[in-house]
Participant: 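Below: one structure in structure tokens.
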Number of protein chains: 2
Amino acid sequence: MRADAQRNRDRLLDVAKEVVEEHGTQASLRDIARRAEVGMGTLYRHFPTRDALLEALLGRRFDRLAERADALADSREPAEALRVWVGEFVAGGAPYRGINASMIATLQDPTSALHASCAAMRNAGTRLLQRAQQAGDVRNDVDGLDLFALINAVGWITEQAESIAERRAHLVSLVLDGLTH
Amino acid sequence: MRADAQRNRDRLLDVAKEVVEEHGTQASLRDIARRAEVGMGTLYRHFPTRDALLEALLGRRFDRLAERADALADSREPAEALRVWVGEFVAGGAPYRGINASMIATLQDPTSALHASCAAMRNAGTRLLQRAQQAGDVRNDVDGLDLFALINAVGWITEQAESIAERRAHLVSLVLDGLTH
DNA sequence: TTGACAAGTGGAACGTCGCTCCGGTTATCT
DNA sequence: AGATAACCGGAGCGACGTTCCACTTGTCAA
């Protein structure tokens with residue numbers, strides 16, 4: 001990649017991070033290009049779809065959550081590991097409004113640039129869940145998709161209203177209690 | 001109201017119902033006007049905001065859910081009444097994609113045309129919850145907002161993916177079990 | 001060092017949207 | 001029948017996502 005292209009790419013990512021934290025994953029692409037002092041063509045050259053841009057922003061976050069799940073599996077009791085991970089999952093999505101909707105959309109679209117890292121993260125969560133089930137801590141009629149659906153649901157609702165966001169930990173706790181024996 | 005105005009209003013509502021069921025609460029207003037064979041001015045004259053249009057479409061639905069809560073309170077055991085109502089709440093929102101987001105937004109904006117009927121419905125749900133708590137069926141560290149948040153969260157997630165929608169009843173059941181002793 | 005050219009760029013253009021506004025039309029009442 | 005208030009359609013504005021292409025510039029071989 002040419003040096004000027006690399007500069008523009010870096011600059012776009014910096015600005016995109018800022019704008020997405022401010023306006024969510026539905027932020028205006030034009031606005032991002034404008035703030036990066038770059039034409040629309042340049043933005044689209046580097047990130048042909050909105051997902052491609054989000055992938056660069058969120059992919060690492062997903063990877064880190066997947067790693068975190070594995071680390072917790074090694075260091076904590078099954079039920080507690082699951083609890084901690086879910087808490088971090090929900091809290092971690094907070095700064096990026098719309099991230100939960102993006103995750104669900106991504107997971108259904110195998111062509112999405114985010115698909116792989118998102119699926120890997122979901123699988124890591126599933127492993128934590130199964131471990132807790134084998135330990136007898138979690139009821140057996142729950143699978144990874146149930147877990148993923150519920151934690152995204154709670155993540156989503158906590159970004160809809162400040163009064164609900166304040167209860168994030170409580171809502172997570174209520175839902176997890178429903179999964180626990 | 002003049003006869004022609006009434007005709008246009010009725011026609012707009014018919015078409016809006018159709019289009020919203022097809023495209024969700026974020027449906028294009030221009031599209032609604034077009035399909036109703038009416039100008040944008042006419043649409044905005046009758047429904048000055050998107051909420052005003054939704055109010056006409058969804059208000060009755062909310063009222064009916066509120067009444068339903070009261071009826072269930074009279075005819076069922078507290079825990080079962082809550083369970084049935086929550087199930088109907090979540091299932092009933094299914095045909096209108098985006099309804100859960102609209103409800104949360106509406107509830108935070110007292111100027112919204114939908115605010116009153118939405119708040120009334122939430123209060124009806126809260127009464128069912130409190131009744132179940134007094135009967136000792138539901139844990140006491142849950143309030144009406146927790147309940148409302150959770151059922152909207154589940155409602156929302158079930159409109160995000162067909163594979164999740166299939167599990168609607170199961171997810172509702174998991175969440176309710178978390179509230180139950 | 002220089003020249004050719006692939007790689008990279010910016011922004012105009014198109015069709016969409018929500019929303020406002022207004023000149024023309026028409027139902028209704030006297 | 002005529003006046004008039006209510007009602008109408010759609011043009012216009014500034015935003016959006018996305019595509020496209022004429023122009024500029026970094027790079028590398030000669």
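Chain A is the first sequence line, chain B the second, and so forth, proteins listed ahead of strands; every chain is numbered from 1.
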Participant: To the nearest 0.5 angstrom, please state how far the NE2 atom of B/His23 sits from the OG atom of B/Ser28.
Facilitator: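 Here the interatomic distance stands at 9.0 Å.
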Participant: In this structure, how many angstroms lie between the P atom of C/dC14 and the CZ atom of A/Arg30, rounded?
Facilitator: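 Spelled out: CZ on A/Arg30 to P on C/dC14 is 14 Å.
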Participant: Expressed as a whole number of angstroms, how long is the span from A/Arg2:CZ to C/dG10:C1'?
Facilitator: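 So the two atoms are 14 Å apart, to the nearest Å.
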Participant: Round to a whole Å and report the spacing from OH of A/Tyr44 to C1' of C/dA7.
Facilitator: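 Distance check: A/Tyr44 OH to C/dA7 C1' gives 21 Å.
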Participant: Would you tell me if any nitrogen or oxygen in the side chain of B/Asn8 comes within less than 4.0 Å of OP1 or OP2 on D/dC8?
Facilitator: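 For D/dC8, OP1 or OP2 has a side-chain N or O of B/Asn8 closer than 4.0 Å.
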Participant: Is any side-chain nitrogen or oxygen of A/Arg50 closer than 4.0 Å to OP1 or OP2 of D/dG17?
Facilitator: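 Yes, within the criterion.
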Participant: Checking all strands, does A/Arg9 fall into the base, sugar-phosphate, or nothing category for heavy-atom contacts under 4.0 angstrom?
Facilitator: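 Answer is nothing: A/Arg9 stays at 4.0 Å or more from every strand.
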Participant: Ignoring the backbone of B/Leu29, work out which of C/dG8, D/dC7, C/dC19 is nearest its side chain.
Facilitator: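 So the nucleotide nearest the side chain must be C/dC19.
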Participant: Measure CZ/B/Arg7 against C1'/C/dA27 and give the value in whole Å, please.
Facilitator: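 So the two atoms are 10 Å apart, to the nearest Å.
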Participant: Which whole-number value in Å describes the distance from B/Asp31 CG to C/dT16 P?
Facilitator: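 Those two atoms, CG and P, are 11 Å apart.
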Participant: Mind checking A/Ala27 for me? I need base, sugar-phosphate or nothing, with any heavy atom below 4.0 Å counting as a touch.
Facilitator: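 The residue A/Ala27 makes sugar-phosphate contact but no base contact.
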Participant: D/dT27, C/dA12, D/dC7: which one has an atom nearest the side-chain heavy atoms of A/Ala3?
Facilitator: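 Of the candidates, D/dT27 comes closest.
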Participant: Name the nucleic acid region contacted by B/Arg45, choosing base, sugar-phosphate or nothing; use a 4.0 angstrom heavy-atom cut-off, strictly under.
Facilitator: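 Here B/Arg45 touches the bases of the nucleic acid.
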Participant: Verify, without hydrogens or angle tests, whether B/Glu159 (side chain) and B/Pro95 (backbone) share a donor-acceptor contact under 3.5 angstrom.
Facilitator: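 Not at all, since once roles are kept as given, no pair shorter than 3.5 Å links the two residues.
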Participant: CG of B/Leu43 versus C1' of C/dC17: gap in Å, rounded?
Facilitator: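 It is 13 Å, rounded to the nearest whole Å.
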Participant: With nearest nucleotides of DNA chain C determined for B/Thr49 and A/Met1 from heavy-atom distances, which residue corresponds to the more 5′ nucleotide?
Facilitator: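 The residue whose closest nucleotide sits nearer the 5' end is A/Met1.
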Participant: Just how far is it from atom CD of A/Gln130 to atom CG of A/Asn140, taken to the nearest 0.5 Å?
Facilitator: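 With rounding to 0.5 Å, CD (A/Gln130) is 10.5 Å from CG (A/Asn140).
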Participant: Taking only side-chain nitrogens and oxygens of A/His46, does any of them come within less than 4.0 Å of OP1 or OP2 of C/dG8?
Facilitator: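 For C/dG8, neither OP1 nor OP2 has a side-chain N or O of A/His46 closer than 4.0 Å.
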Participant: Does A/Gln6 reach a base, just sugar-phosphate, or nothing at all? Heavy atoms under 4.0 Å.
Facilitator: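 No contact at all - A/Gln6 keeps every heavy atom at 4.0 Å or more from the nucleic acid.
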Participant: Ion pair present between A/Arg68 and A/Asp63, side-chain N to carboxylate O less than 4.0 angstrom?
Facilitator: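 No, no charged N to carboxylate O under 4.0 Å.
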Participant: Using a distance-only test with no angle check, is there a side-chain donor-acceptor pair under 3.5 angstrom linking A/Thr42 and A/Asn8?
Facilitator: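 No donor-acceptor contact under 3.5 Å links the two side chains.
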Participant: When you measure from the centre of the six-membered ring of B/Phe62, is the NZ or CZ of B/Arg122 closer than 6.0 Å and no more than 45° off the axis?
Facilitator: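 No, B/Arg122 does not sit over the ring of B/Phe62.
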Participant: I need the CG-C1' distance between A/Asp51 and D/dT18, as an integer number of Å.
Facilitator: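 It is 15 Å, rounded to the nearest whole Å.
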Participant: Whether B/Thr42 contacts D/dC7 is assessed here as follows: a side-chain N or O lying under 4.0 Å from the phosphate OP1 or OP2. Is that the case?
Facilitator: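 No, outside the criterion.
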Participant: Is the distance from OP1 or OP2 of D/dG17 to the nearest side-chain N or O of A/Ser28 less than 4.0 Å?
Facilitator: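 For D/dG17, OP1/OP2 do have a side-chain N/O of A/Ser28 under 4.0 Å.
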Participant: In whole Å, I'd like the distance from the CD atom of A/Gln26 to the P atom of C/dC17.
Facilitator: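 Between P of C/dC17 and CD of A/Gln26: 16 Å.
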Participant: Side-chain N or O of B/Arg34 less than 4.0 angstrom from OP1 or OP2 on C/dC17?
Facilitator: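 Yes, B/Arg34 has a side-chain N/O under 4.0 Å of OP1/OP2 on C/dC17.
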